[in-house]
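Below you'll find the structure, written out as structure tokens, and then a few comments.
The figures that follow rest on heavy atoms only: side chains count, while hydrogens, waters and symmetry mates do not. Letters A, B, ... are given to chains in the order of the sequence lines, protein chains preceding strands, and every chain is numbered from 1.
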Protein chains: 2
Amino acid sequence: MRLTTKGRYAVTAMLDLALYGDRGPISLADVSGRQDISLSYLEQLFAKLRRKDLVCSIRGPGGGYRLSRPSETIFVAEIIDAVDERVDATGCAGSSDCQDGQTCLTHNLWSDLSDQIHHFLSDISLASLVERRDVQNVSARQLQRARNTQSIILTAVD
Amino acid sequence: MRLTTKGRYAVTAMLDLALYGDRGPISLADVSGRQDISLSYLEQLFAKLRRKDLVCSIRGPGGGYRLSRPSETIFVAEIIDAVDERVDATGCAGSSDCQDGQTCLTHNLWSDLSDQIHHFLSDISLASLVERRDVQNVSARQLQRARNTQSIILTAVD
DNA sequence: TTTAAATCCTACTAAAACCATCGGGTATAA
DNA sequence: TTATACCCGATGGTTTTAGTAGGATTTAAA
């Protein structure tokens, strides 16, 4: 099982869309700037998210990505599955043939753990994350930083 | 976060000791044979388990490893921690400085998940695994296979 | 006293996964 | 027409994994 930056980036980026996407599509360049994720890497992740129909894309200027469903109906587990293949703690991808085509001594333990994790992440929607106090605080900080950066740029232009 | 064969091997090997270690120390060669784990790799894992005082070793012929505490008081979470360093889903090892020294948008989500996993694995003792029906079934199968292998060897000697 | 069984220890390596970067496409609004 | 943005494939550096190799040390048993 793995849960690395790949899955974390994907969830963070999707949450970014949920937070800021109410007025039209969000470009990956914006997400990249706010969340400190490399643009090229985001492109790869969103290719997978698009294939799994979690986002839809609008090309051309003013384009970007939108959630393809309301944020209440998109769950963290789906996002991780989309980019990370699986949240599975077994060594045999659940097929019970871990040792010589038969189950290993601890197969069911890892199977239970996988269920636990999947259940936990399946209960958390993007909308529920948007409502969280800590998420709102971080979001406010990010917007403030974006405004500062903008004003620095404008000052430099003068 | 990672949960790979390293952690799985360690738990399986410890469970092997819990199952068969009641009559003196178990050699890693025996564990290797029963659980299909390479001997040298087991040696590396048990070096860590020994450092964390989960097992104690007896050198020389007839030697091997024993659990250093009763199996009722050894929990899966400890074993994984010992060989895998951590079961942590955050990107910052819990230090909350995931983005530019501040918390990232999804930090608390991963922190909650880590707590969930750790709590789950902290509740499972080696003794409770030994009592499980599925573990007993697999164990019986492994012993049967070992007897077959032994009889093949004896036949070949004749 | 010798031998062989076992732990102990360090270094090395092939393969995989991760986390990108790069360079070019293509669609499309302005 | 042009700049913006998505789209796509190839590549590469770094880290981790899973295991190998080769020996040194301890010690029970022959």
Side-chain angles (χ1 to χ4, degrees), chain A residues 1-10 12-13 17 21 24-33 35-52 54-68 80 83-89 91 93 98-99 104, chain B residues 1-13 17 21 24-33 35-52 54-66 68 80 83-89 91 93 98-99 104:
Chain A
M1 140 157 209
R2 41 200 143 125
L3 205 143
T4 64
T5 58
K6 193 193 283 186
R8 283 195 297 267
Y9 282 175
T12 302
L17 294 197
I26 302 289
S27 74
L28 291 188
D30 286 355
V31 177
S32 170
Q35 309 303 336
D36 277 345
I37 306 172
S38 103
L39 178 57
S40 319
Y41 200 43
L42 276 175
E43 286 182 341
Q44 287 177 48
L45 298 180
F46 272 74
K48 295 188 179 190
L49 294 171
R50 204 175 69 88
R51 256 172 255 143
K52 291 287 170 66
L54 291 173
V55 297
C56 50
S57 62
I58 297 96
R59 302 179 71 157
Y65 286 93
R66 269 188 333 200
L67 299 179
S68 57
I80 294 177
V83 298
D84 229 5
E85 328 278 51
R86 69 219 144 97
V87 178
D88 177 25
C98 348
Q99 187 183 6
C104 75
Chain B
M1 142 160 205
R2 42 200 143 123
L3 205 144
T4 64
T5 59
K6 193 194 283 187
R8 283 195 298 269
Y9 281 175
V11 174
T12 301
L17 293 198
I26 302 288
S27 75
L28 291 189
D30 285 355
V31 177
S32 171
Q35 309 304 337
D36 276 344
I37 307 171
S38 102
L39 177 58
S40 319
Y41 200 43
L42 276 175
E43 286 181 343
Q44 288 176 47
L45 297 180
F46 272 74
K48 295 188 179 192
L49 294 171
R50 204 175 68 90
R51 255 173 257 142
K52 291 286 169 65
L54 291 174
V55 296
C56 50
S57 62
I58 297 93
R59 302 180 72 161
Y65 286 93
R66 270 188 333 201
S68 58
I80 295 176
V83 297
D84 230 5
E85 327 280 52
R86 67 219 146 93
V87 179
D88 177 25
C98 349
Q99 187 183 8
C104 76

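- Contact between the side-chain N/O atoms of B:Tyr65 and the OP1/OP2 oxygens of C:dA6 is not found at any separation under 4.0 Å.
- Between the P atom of C:dT21 and the CG atom of A:Leu39 lies a distance of 9 Å, rounded to the nearest Å.
- Among the nucleotides D:dC6, D:dA24, C:dA5, the one closest to the side chain of A:Glu43 is D:dC6.
- The shortest distance between the side-chain N/O atoms of B:Arg50 and the OP1/OP2 oxygens of C:dC8 is below 4.0 Å.
- Nearest to the side-chain atoms of B:Ser40 among the listed nucleotides D:dT20, C:dC22, C:dC19 stands D:dT20.
- One atom, CG of A:Leu45, and another, P of D:dC6, lie 13 Å apart when rounded to the nearest Å.
- Below the 3.5 angstrom threshold, one finds no donor paired with an acceptor across the side chain of B:Gln44 and the base of D:dA18.
- One can place NZ of B:Lys48 at 11 Å from P of D:dA18, the figure rounded to the nearest angstrom.
- Aromatic ring pairs are classed by plane angle as parallel below 30°, tilted from 30° to 60° and perpendicular above 60°; the pair A:Phe46 and A:Tyr65 is tilted.
- Distances were taken from every side-chain heavy atom of B:Ser38 (C-beta onward) to each of D:dT4, D:dC6, D:dT20; the shortest belongs to D:dT20.
- In terms of modelled atom types and a separation under 3.5 Å, the side chain of B:Thr5 and the main chain of B:Arg8 share no donor-acceptor contact.
- In the set C:dC8, C:dC18, D:dG19, the nucleotide with an atom closest to the side chain of A:Thr5 is C:dC18.
- As rounded to whole Å, 11 Å separates atom P of C:dA20 from atom CG of A:Asp36.
- Atom CG of B:Leu39 sits about 10.5 Å away from atom CD of B:Gln44, to the nearest 0.5 Å.
- For B:Ser68 (side chain) and B:Leu54 (main-chain N/O), a donor-acceptor pair under 3.5 Å exists by modelled atom type.
- Counting any heavy atom pair closer than 4.0 Å across all strands shown, A:Phe46 reaches no nucleic acid atom.
- The side chain of B:Ser27 lies closest to C:dA6, out of D:dC6, D:dT4, C:dA6.
- Place B:Arg51 and A:Tyr41 on DNA chain C by their nearest nucleotides, and B:Arg51 ends up nearer the 5' end.
- Interatomic distance, CG of B:Leu49 versus SG of B:Cys56, reported as 12.0 Å (0.5 Å rounding).
- A donor-acceptor contact under 3.5 Å links the side chain of A:Arg59 to the base of C:dT26.
- Straight-line distance from the CG atom of A:Leu28 to the C1' atom of D:dC8: 14 Å, rounded to whole Å.
- Atom CZ of B:Arg8 is separated from atom C1' of D:dA18 by 12 Å (rounded to the nearest Å).
- Judged by closest nucleotide on DNA chain D, A:Ser57 is the one of A:Ser57 and B:Ile58 placed further toward the 5' end.
- Separating the NZ atom of A:Lys6 from the P atom of D:dT15 is a distance of 18 Å, rounded to the nearest angstrom.
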